[in-house]
Amino acid sequence: MNRNVLSRRGVAGIALAAAAAIALAGCGTDTPSNTPTSGAASGLATLSGEIKASGASFPSAFYQEVIAEAKTLAPNLKITYNSVGSGTGKKEFASGLNDFAGTDSLVKDTEVDKTKLPFFYIPTVAAPITVSYNLKGVDKLQLSADTIAKIFQRDIKTWNDPAIAADNPGVTLPATAITVAHRSDASGTTSNFTKYLVAASPAWKLGSGDTVPWPADTIGGPQNTGVATAIKQTDGTIGYVDLSDAKSSGLAFAAIKNKNGKYVLPSLEGTTAALAGAEVKEDLTYNPLNAAGDASYPIAAPTFILVKQKYDDPAKAKLVKEFIKYLLTDGSALAKEVDFAPLPDSLKAKALAQLDKIS
Amino acid sequence: MTQSRTLTQKDRGRINDRAFWLLCVTAGVAVLGILAAILVSTIQQSWPALSNAGANGFFTSTGWDPNVGKYGILAFMFGTVVVSLIAVLFAVPVSIGIALFLTELAHRRVKAVVVTLIDLLASVPSVVFGLWGLYVFSSWTKPLYEWLHDTLGGIPVIGALFGSVTGLNFMTAGLILAVMIIPIITSITREVFDTVPAADKQAAWALGATKWEMIRGAVLPHSFGGIVGAVMLGLGRAMGETVAVALVIGAAIQVTPNLFAPGYTIPAAIVNLFGESSGEFTAALIGMGVVLFVLTIAINLLAQVVVRRAEIRMKGAVA
């Protein structure tokens, strides 16, 4: 993720120019979701003040992009987002240290006391998690959930195993030993990847969470780039990496069999399709994992912003509302540049309605 | 008149003396106070995990699964000790070698250059070592590990140390740490070697000692206490090193004799997991910190005992 943020600076200029062009195009016919944007942008421009936010590192590249863009529109508005991790973000939110928090995981009662501090979830973006691999002579790989589960819990130890062959008819698989790479740090990516396996495969036995008890003969790499490095270094390695890091590291990734039985490669379109197929709960939390639909890519990580239902300072409430509105509308045009999938229109409308309830 | 003036001067001197005494005592007590405050607050915050340490097997179990409330830190303690031992094992001979070279053998100009270079090595941030280890060093060493595994892996007992190879492992982490602590151990041992009295050395020469005999007979015995101190300082640094180890250790929770298998250390686990932890999980991580703290203090005390014993023995020999 860190590398993303760094490289982001390089492309920021181009991104700003592109985004400005889109904003100027205003109510053009390019995408229907652009319609309510011009209002949000002008609302932002007149604001001044300071917003402090912290939380999940996973959407940080996107948030920083939006913050940089907002700064050009509203020079008097100072926004900071520290990517300290979802857990720390929630702790800071509970003790009033930030104005909103980014989180990949839902809030437990022990983390934030809902009765003392009522809050809303605002979904923002989602990103596909790839199952990336390095296997000499194999540039096209298909995997079903059961096979992925067996590989990652070390039931399958060589690439020419019958289970992998069954997913890949007509492909000659070598007898190379499989090395499994996972995240060494506690991470929402691990959480979503393992939740997918829990949902999609009865064979999966390791449970789900930010960290799971991986078998001892697997290796952990730091962050997405660490896993990507581990995959690149050794022939026969497989691991899970978010799409933007898998792409920038030049990794090959597998097509995953979705709920409808179709093999789908990870893409932003496939992720938005999965979001559209996911069931959204009353509080706007949703689960895009193993979603139905022919085009749905089944492993996607959603991410949320936590906002207070009521801010002590009405000016602060307005700032937070306007900024997040901007992030959901104009800002979503920036999402694709940093490999995040924007919300489908139906969910975006719900998120904006939720935002209006803040006072 | 003169009498009273000298008295005032004396008085002033006494006041200054007292002020200085007070300043020193305050500084000394502050150190203890800070240590105590750290210990108290960390124990307090880790109490939810430490209080059922017996029932959960906090110290005795390798079962670690925060999702179901299992917090056994044995594998982390094991990893911390193994990695630090590897580091010290490789760093100590190299450091003493460098220090002897600098004090006894090197030309004055060469000495200046080497000292600067080693001091530079000490000022490289640990994250740089970690990233270098992850991206460069681990790819270099893998073929070497595989060769060691192929040649030594079959020997009974010792062969267990050279099991099957994974890219990130105890050995890589230990070697990176060795490079990191070499400057510390070198610069302290060098200072210690410099304090060896010239008379001792000349006495050795006069008896017809060779260079090596002089070093063994005069330099090393005189410096033993200082060398142990330097090693302990290096060991403390190795045990507490966080980021560099977190990057190259491989994050597998296991107790294994295989040095080429991935493992975990206490500081690496804390830095990797703290951000996303909550409740008892956080308490368990802080508890690990307490364990590390106690472990470090224990090693320092042990070092003091070793040094004192050695000095007594040596003085006996001299007399």
Side-chain angles (χ1 to χ4, degrees), chain A residues 2-3 54-58 83-91 94 103-105 107-112 177 179-191 194 206-223 225-234 237, chain B residues 48 62-70 72 75 127 130-131 133-136 138-142 146 163-169 172 243-256 258 260-265 268-282 285:
Chain A
N2 281 342
R3 243 185 39 191
S54 60
S57 56
F58 157 71
S83 63
V84 290
S86 300
T88 308
K90 283 186 275 192
K91 268 176 217 156
T103 178
D104 298 337
S105 47
V107 177
K108 291 178 211 134
D109 285 339
T110 52
E111 291 174 325
V112 180
T179 306
V180 170
H182 59 81
R183 288 282 289 267
S184 60
D185 49 329
S187 146
T189 310
T190 304
S191 174
T194 50
L206 300 182
S208 68
D210 289 333
T211 52
V212 297
W214 295 105
D217 54 352
T218 60
I219 54 169
Q223 313 276 8
T225 44
V227 177
T229 307
I231 295 172
K232 274 209 297 205
Q233 272 177 358
T234 309
T237 306
Chain B
T62 57
W64 173 268
D65 187 357
N67 300 320
V68 297
K70 264 165 61 183
V127 67
L131 289 173
L134 178 64
Y135 290 110
V136 183
S138 62
S139 326
W140 287 353
T141 49
K142 204 165 171 239
E146 269 155 4
S164 60
V165 178
T166 0
L168 303 170
N169 53 46
T172 307
V243 175
V245 175
L247 287 167
V248 296
I249 188 73
I253 298 149
Q254 60 175 339
V255 173
T256 167
N258 181 5
F260 301 147
Y264 228 143
T265 68
I270 294 174
V271 75
N272 273 339
L273 305 175
F274 197 80
E276 304 289 339
S277 68
S278 66
E280 202 189 354
F281 187 9
T282 311
L285 290 174

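Chain identifiers are assigned alphabetically (A, B, ...) following the order of the sequence lines, protein sequences preceding nucleic acid strands; residue numbering begins at 1 within each chain. Not measured: the values here are computed from a predicted model.
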Open item on the list: With chain B as the partner, which of A:S86, A:A181, A:G85 has the greatest number of non-hydrogen pairs under 4.5 Å?
Closed with: A:S86
TODO: Count the heavy-atom pairs under 4.5 Å between each of A:K90, A:K232, A:K91 and chain B, then report the option with the highest count.
DONE: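 Most heavy-atom pairs under 4.5 Å with chain B: A:K91.
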Open item on the list: Do A:P213 and B:I253 have side chains that approach each other closer than 4.5 Å (heavy atoms only, starting at C-beta)?
Closed with: no
Shortest non-hydrogen contact between [X] and [Y], atoms and distance:
| X | Y | value |
| --- | --- | --- |
| B:A252 | A:A216 | CB-O, 3.6 Å |
| A:V212 | B:N67 | CG1-ND2, 3.8 Å |
| A:S184 | B:A251 | CB-CB, 3.2 Å |
| B:L134 | A:Q233 | O-NE2, 3.0 Å |

Task: Winner by heavy-atom pair count (cut-off under 4.5 Å) against chain A, out of B:N169, B:L247, B:V271, B:T166 - done: B:L247
Part of [X] lying under 4.5 Å from any heavy atom of chain B:
| X | result |
| --- | --- |
| A:T218 | backbone |
| A:A230 | neither |
| A:T103 | neither |

- [ ] Kindly say whether B:S277 contributes a backbone atom to a donor-acceptor pair with the side chain of A:D210 at under 3.5 angstrom?
- [x]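 Checking the backbone N and O of B:S277 against the side chain of A:D210, no donor-acceptor pair under 3.5 Å is found.
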TODO: Check whether any side-chain N or O of B:Q254 sits under 3.5 Å from a backbone N or O of A:P215 as a donor-acceptor pair, and report yes or no.
DONE: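 No, the answer is negative, given that no donor and acceptor are paired below the 3.5 Å cut-off.
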Task: Contacting region of B:K70 [heavy-atom separation from chain A under 4.5 Å] - done: neither
